[in-house]
A.B. asks: 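Dumping the structure here so I can ask a few things about it.
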Amino acid sequence: MLAIVALVILVANPLLRLIATSFISDTDQSFTWMNYLQAYGRARYVEAAFNSLKLGFFAALLCLCFGVPLAWALSRTDVPLKGFFWVSVIGTFVIPPYLGAVGWILLAGPKAGWLNRLFTDWLGWESGPLNIYSMTGLIFVTACYSFPYVFIFVKSALDLISSEMEDAANILGAGPLRTTMLITIPLALPSIIAAFIVVFLEAIALFGTPALIALPARFHVVTTQLWQFFEFPPKLGVAAAYAMPLLVITVLMFLAQQALLKRKGFVALTGKGGERRPIQLGIWKWPVFAYCMIVSCLTFVLPIIFITQAALSKAWGRGFSWDNFTLQNLYFTVFENPLTRVATLNTFSYSALAAVIAILISLFIAYVIHRELVSKPIASALSFLAMAPFVIPGIVLAIGFYAAYTSEPLVLAGTMWILVFAYATRFLPIAFANAQAAIRSINPELEQAVRILGGTRMLAIRKVVTPLLKKSLLGAFILVFIPATRELSAAIFLYSTNTQVLSVLLFDKSDEGNFEMLASIGLVLVVITVILIAIGFRLLGRDFMLRRSAS
């Protein structure tokens, strides 16, 4: 019963209040259509919506260009240094998108960016050719930190395709390239299209990267426009109305993705997995290797190098030299800066609480559903509510929480709990998917044996189910905890001066232009995340993060 109440508080109430608020006047609380007229009655608001669609479409296309060849190379070929490319994909996944944007600002800022300085200092150009503060720059940076979704989807599909079909094509005279284009890629096409949809949704829902790149370039997307609606005095009704199309697009695209993944027309699997051998690329090995290296350098190696350089420099613009090297930035960030210390404590304590809450709710819901302790209609409703946050963009969810819990009967605004509950809701589907898989793997007969011997259901859960779920619960905790520590789109709307977290602090520092301190904060966050992932690798296996994320 408590889990059902929690689902209503965390999911149903914010979503319903969001929809209701879009029809309520901010001045006299009466019913009105004016919020929608104000939200889309100005050309610049409509332009921001079209900018988001443009960003999502072209970022998703670029993600396919990055992710599909890389997934094919690692899954189907004998390309060298596969381990390094795996690390680069995981590293790209670990770096928060807004921190990656900072890395590319350091690299391709129009005046002081390192790549532009190659042209001005070494080649004598008056100005560099690159400008990250543009729609092109925003599309590129967004793609750099979204393409791992494409990689995960496509590699998972390619790993299941037997080499027998490729062998048949080769026997009939097709070369490796033709075989790949006519046989291998078409078999993975549903996953490619589904990945395109996921990346599109990820791109239009991002806040941090557009805020760092689009706002200085003086254009808006939907998420940055929503943020501006919250400037004092906040236009909550207008913001809710403006968020509705984003929510509708997300739901429709998600349904389209689910329909694609359920199609059976591309199935090429039998009861036994066929043999899978890497394609011998021959002279094409090195061009493929070069492409994989370029993708890895653009998305991971170059940004992390220059973020680290900024964090370890007295002045990042002075470059790599011993007289510019310092640990003071990191020391000040970790030990001396009270604001950073408080934000770090808040970040990890809120994220841990959110992970525990999400896991407990998910475990209970998954248990009652799969042990058929409730009727099928109730089970379907519970499952729907548990997975619903997956199709709600973080920024829309935040507006829903703001609308639901800044007034009676339950006021959470200004407290830590509004952030904790928002995090728990945001990543509840991850915990629920893990809990479902874990409960399915346990034979109910084990619990029935305890009941036959006189034990209660709670005793069976405590003595049988829980010990068997330890690894799954740890994996779920890590997979909820990590994205919660870097969540910005919800936190930026819900934090207060007493509940600031690292993602918001990092965003605030970007306004000050203090890239040394900003990079130090980001580096601390990345290092702690890497430690957590290393623990997961050690306890749960090397692929636990990518495998679970793909599911």
Side-chain angles (χ1 to χ4, degrees), residues 59-108 113-115 118 130 132 136-159 180 188 192 195 198-199 202-203 209 278-279 281 284-311 320 482 486 519 522-523 526-527 529-530 533-534 537 542-543 545-547 549-550:
L61 280 182
L62 188 54
C63 283
L64 294 186
C65 296
F66 286 164
V68 174
L70 189 62
W72 172 77
L74 268 63
S75 175
R76 311 296 296 180
T77 76
D78 61 342
V79 68
L81 290 185
K82 287 186 179 182
F84 169 78
F85 297 133
W86 264 104
V87 170
S88 72
V89 172
I90 295 171
T92 306
F93 210 79
V94 165
I95 298 174
Y98 49 84
L99 184 60
V102 171
W104 271 102
I105 289 171
L106 297 174
L107 281 163
W114 285 105
L115 295 180
L118 291 178
L130 305 176
I132 204 67
T136 303
L138 178 58
I139 290 169
F140 173 76
V141 174
T142 300
C144 283
Y145 299 96
S146 299
F147 94 91
Y149 294 105
V150 173
F151 177 87
I152 291 167
F153 273 72
V154 177
K155 188 177 186 301
S156 297
L158 293 175
D159 284 346
T180 298
I192 293 172
V198 168
V199 172
E202 171 78 6
T209 303
I279 297 171
L281 293 175
W284 292 103
K285 177 188 294 186
W286 299 112
V288 171
F289 171 80
Y291 186 83
C292 294
M293 184 62 71
I294 289 170
V295 172
S296 297
C297 288
L298 291 177
T299 59
F300 174 66
V301 178
L302 285 175
I304 200 65
I305 285 175
F306 285 94
I307 288 170
T308 304
Q309 184 269 338
F320 297 86
I482 288 173
R486 49 195 257 182
L523 199 60
V526 168
V527 167
T529 303
V530 169
I533 292 175
F537 284 172
R542 190 189 72 170
D543 296 340
M545 187 174 176
L546 297 178
R547 184 174 63 246
S549 299

A.B. asks: I need the L99 CG to I105 CD1 distance, nearest 0.5 Å.
C.D. replies: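 That separation rounds to 10.5 Å.
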A.B. asks: Under the rule for side-chain contact (heavy atoms from CB on, under 4.5 Å), what residues qualify as partners of A157, not counting sequence neighbours?
C.D. replies: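 For A157, the residues satisfying side-chain contact (heavy atoms from CB on, under 4.5 Å) (neighbours in sequence not counted) are A188, S191.
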A.B. asks: Please enumerate all residues that pass side-chain contact (heavy atoms from CB on, under 4.5 Å) together with I305, with sequence neighbours excluded.
C.D. replies: V301, F320
A.B. asks: Return the set of residues passing side-chain hydrogen bond (donor to acceptor under 3.5 Å, both in side chains) with T77 (not counting sequence neighbours), or none when no residue passes.
C.D. replies: none
A.B. asks: Rounded to the nearest 0.5 Å, what separates atom CZ in F85 from atom CZ in F300?
C.D. replies: 13.0 Å
A.B. asks: What's the shortest heavy-atom distance between I139 and L62, and which atoms?
C.D. replies: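 That would be O-CD2, 4.3 Å.
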A.B. asks: Can you give me the closest heavy-atom contact between A60 and V199, atom names plus distance?
C.D. replies: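 Closest heavy-atom pair between A60 and V199: CA-CG1, 3.7 Å.
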A.B. asks: Which atom names give the shortest non-hydrogen contact between Y291 and C65, and what distance separates them?
C.D. replies: OH-O, 2.5 Å
A.B. asks: Are F93 and I152 close enough, and set up right, to give a side chain to side chain contact (heavy atoms under 4.5 Å, CB included), and what steps lead you there?
C.D. replies: CA-CA 11 Å; F93 210 79; I152 291 167; 3.9 Å; yes
A.B. asks: So F289 and L81, do their side chains get closer than 4.5 Å, heavy atoms only?
C.D. replies: yes
A.B. asks: Any side-chain heavy atom of P96 within less than 4.5 Å of one from V526?
C.D. replies: yes
A.B. asks: For Y98, is there any backbone N or O sitting under 3.5 Å from a side-chain donor or acceptor partner on R486?
C.D. replies: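 Checked: no pair found.
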A.B. asks: Restricting to pairs with a member in residues 138-155, which pass side-chain hydrogen bond (donor to acceptor under 3.5 Å, both in side chains), not counting sequence neighbours?
C.D. replies: K155-D159
A.B. asks: Rounded to the nearest 0.5 Å, what separates atom CG in L298 from atom CH2 in W104?
C.D. replies: 5.0 Å
A.B. asks: To the nearest 0.5 Å, how far apart are OG1 in T92 and CD1 in I304?
C.D. replies: 9.5 Å
A.B. asks: With distance as the sole test, does W72 use its side chain to make a donor-acceptor pair with the main-chain N or O of L158 at under 3.5 Å?
C.D. replies: no
A.B. asks: Less than 4.5 Å apart, side chain to side chain, heavy atoms only: is that true for V295 and F147?
C.D. replies: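 A side-chain contact under 4.5 Å exists here.
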A.B. asks: Pair F151, W86 - check ring-ring contact (aromatic ring centres under 6.0 Å, His included), show working.
C.D. replies: CA-CA 10 Å; F151 177 87; W86 264 104; 5.5 Å; yes
A.B. asks: Which pair of non-hydrogen atoms, one from A519 and one from A310, has the smallest distance, and what is that distance?
C.D. replies: CB-CB, 3.8 Å
A.B. asks: Over all heavy atoms of both residues, which pair between G100 and I95 is shortest? Give the atoms and the distance, please.
C.D. replies: N-CG2, 3.7 Å
A.B. asks: Can you give me the closest heavy-atom contact between T209 and A101, atom names plus distance?
C.D. replies: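 Shortest heavy-atom contact: CG2-CB, 4.1 Å.
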A.B. asks: Out of curiosity, L70 CG to S88 OG, how far, rounded to the nearest 0.5 Å?
C.D. replies: 6.5 Å
A.B. asks: Under the salt bridge (charged side-chain N to carboxylate O under 4.0 Å, His left out) test, which residues partner K285, sequence neighbours left out?
C.D. replies: D78
A.B. asks: Could you give the distance from CE (M293) to CH2 (W286), rounded to the nearest 0.5 Å?
C.D. replies: 9.5 Å
A.B. asks: Q309: which residues meet the side-chain hydrogen bond (donor to acceptor under 3.5 Å, both in side chains) condition with it, sequence neighbours left out?
C.D. replies: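 Q309 satisfies side-chain hydrogen bond (donor to acceptor under 3.5 Å, both in side chains) with S313 only.
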